[in-house]
Amino acid sequence: MNDQSEVPSVQQLGQYLNALLKGGQQQAARDYIDAQVQRAPDSAAVVHLAAQLHHKTGALRSSLAHLNRAIELMPDQPALQIDKLHLLTSLRERKQLAKALEHAKKLATDNKNYQQQLARFYTQLNRPEQALELLTPLRKAHEEDSVLAFDEALNQWFVGKHKAAEKLANAVCEQKDAPSMAFYVRALLRKQTKTKNHVEQLADRARRDEVADTPIWFALGKEADDLGLHEQAFAAVTSGNALQKKITPYNEAAELDALTQMADVASTWKSQGRANKNAELTPIFVVSMPGSGATLIERYLHAHPQVTSAGEFPDFPQLLGEAISAYLAEHPGATRAQAIAAINYGELGKAYLKQLQDVADGNSYVVDKLPFNFLYCGMLKKALPNAKIIHVERDALDTCWSIYRTLFADRYAFAYDQEELGRYYRHYQAIMSAWQQSLGDELLTVAYEAFVEDTETTEQTILDFCGLQAASAQDDFVKQVPSVTTARGEPLTTRIYQHGIGHSKAYAKQLQALQSALDGEA
């Protein structure tokens, strides 16, 4: 396209840029659209297109610069505000995101869809109270909108108001266009009883050939399990898993190979970090497999007046991945293991602490409960020498049954087949065994069963490891709802239940394939 001509239309620009991208010419596409911006700096459409192109090609900072300029030109355009919020989320700029949200919510206050999107950003920021400030009046003005009511129910759950959440969820589930996830959330909100359950309704509604009904099957499994209807519960969960597996890509060979490589790294890990030893903020990493009971540990710590929880905070593996990718780009012949050994962990730790500070709320300790940080225990200690790492483990079959009966959507692709789940779990065990040997007493392993059966002793062990003194505020810790990311996918528990131990025994016959995989026979 001739640069000497007049500025092309946005449609022409889009077609030309797509052609460049299809040809693999990302930098050429960015250079071209930047040139068009220079020629038409006051065209909001052209500047916005530049922002979109830069975002699409991974140049997030320059995308933000273009987007800010587009907003200067059209400050009242909701679509631009939403684009900026998505971009700040991708950049993990939580303080800027909160500030941008405060500005954005003042615009288009009568635009239901726009305000609902803003509420979802507040939810992602772990600010369900502010999400409800937008959602509650919206829902009252649009009582027929089942999705809006479901969003409000979710946030009521996330602030610990499970009765209000259940009331809303019940109303949503009575509507013909109810989101299928509403049935699953309703099931999680409390333990169902013989006189108050929805098993019959769920059984009538669920269809084995409809992927959209996947959450309904998991809801039925949960409610039937609550009632001790084990055959029905297992059949429902199996149907749900079969449907979810259809839409969840999983390359098991590649995944297990990566886990094997990580176990090799862990078994030979020796280096300790020097930078960031005296950081004012102390991260507490609670690592585990999903379903291991780590939320109890998180709640106990979060109840302490010096501690807050960031929930499943994804930043460390993201920052680590970015550092590894940058190293491999600079050293084309290097292996991933070589990159892991060579990257600058001091800078990695500083970047993580900067982002963790945004959610610390003035506390000196922050819990990061992202389960799959178990992969990176040695890297965590090298980047953050003052960090505390607590590994929560539970009986293998109990853990895997908990995973198998939980709907994680596309987060854990190994979870929807018994044998795949068992094989993944064995690799997890190998990795954690290697980290325990390498890190020694720098890694505390807590058994879920010990926490339930001897809570006081286990609590003291955790406090001693973290360097904390017991606080009376922790006495009622099970009633804490530490974070939105913790609440999602987990039942609301307000007591420590003994029946969590050995829960899989009632399903031992149906879980033989899983047990064989755990034993290394499949």
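Computed from a predicted model, the values in this text were never measured in an experiment.
In summary, the side chains of N197 and E223 do not present any donor paired with an acceptor at a separation below 3.5 Å, with no hydrogens or angles considered. A donor and an acceptor atom, one from each side chain of R92 and Q318, are located under 3.5 Å apart. The closest side-chain donor-acceptor pair between H503 and D395, if any, does not fall under 3.5 angstrom.
Put simply, the side chain of Q117 does not reach to within 4.5 Å of the side chain of L85, judged on heavy atoms.
Around atom CD of E144, more than 12 heavy atoms belonging to other residues, nucleotides or ligands sit under 6.0 Å away.
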*Would W401 and L397 count as a side-chain contact (heavy atoms from CB on, under 4.5 Å) if you check the C-alpha gap in whole Å, the side-chain angles of each, and the deciding distance to 0.1 Å?*
CA-CA 6 Å; W401 166 238; L397 197 63; 5.5 Å; no

_Derivation and outcome, salt bridge (charged side-chain N to carboxylate O under 4.0 Å, His left out), residues K99 and E93_ = CA-CA 10 Å; K99 185 177 179 181; E93 294 284 359; over 6 Å; no

*Residues T214, N241; criterion side-chain contact (heavy atoms from CB on, under 4.5 Å); working and verdict*: CA-CA 8 Å; T214 301; N241 278 304; over 6 Å; no

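Aromatic ring pairs are classed by plane angle as parallel below 30°, tilted from 30° to 60° and perpendicular above 60°; the pair Y424 and F374 is perpendicular.
Electrostatic pairing of E143 and K140 does not count as a salt bridge here, judged by no charged N lying under 4.0 Å from a carboxylate O.
With sequence neighbours left out, Y507 forms a side-chain hydrogen bond (donor to acceptor under 3.5 Å, both in side chains) with D225. For the salt bridge (charged side-chain N to carboxylate O under 4.0 Å, His left out) test, residues two or more places apart in sequence or in another chain that qualify with D151 are R120. Shown here are the side-chain hydrogen bond (donor to acceptor under 3.5 Å, both in side chains) partners of Q436, two or more places apart in sequence or in another chain: T445. For R423, the salt bridge (charged side-chain N to carboxylate O under 4.0 Å, His left out) criterion is met by E252, E419, not counting sequence neighbours. By the ring-ring contact (aromatic ring centres under 6.0 Å, His included) test, H86 is found to be paired with F121, residues two or more places apart in sequence or in another chain being considered. Applying the side chain to side chain contact (heavy atoms under 4.5 Å, CB included) rule to L229 yields the partners A224, L227, Q232; only residues at least two apart in sequence or on another chain are considered. Among residues two or more places apart in sequence or in another chain, the side-chain hydrogen bond (donor to acceptor under 3.5 Å, both in side chains) test is passed with Y428 by H391. Y352 meets the side-chain hydrogen bond (donor to acceptor under 3.5 Å, both in side chains) test with D368; sequence neighbours excluded. The side chain to side chain contact (heavy atoms under 4.5 Å, CB included) test applied to A141 returns no partner, not counting sequence neighbours.
For the atom pair CE (M432) and CG (L375), the distance works out to 9.5 Å, reported to the nearest 0.5 Å. With values rounded to the nearest 0.5 angstrom, L407 atom CG is found 5.5 Å from M181 atom CE.
Within the structure, salt bridge (charged side-chain N to carboxylate O under 4.0 Å, His left out) pairs that include any residue of residues 208-219 comprise R207-D213 (at least two apart or interchain). Here salt bridge (charged side-chain N to carboxylate O under 4.0 Å, His left out) pairs that include residues 507-522, with residues two or more places apart or in two chains, number zero.
The six-membered or imidazole ring of Y412 lies near that of F372, with a centre-to-centre distance under 6.0 Å.
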Can I get a per-line list of side-chain donor-acceptor pairs under 3.5 Å for residues 167-175, giving both atom names and the distance, sequence neighbours left out?
residue, atom, partner, partner atom, Å
N170, OD1, R186, NH1, 3.2
N170, ND2, E166, O, 3.3

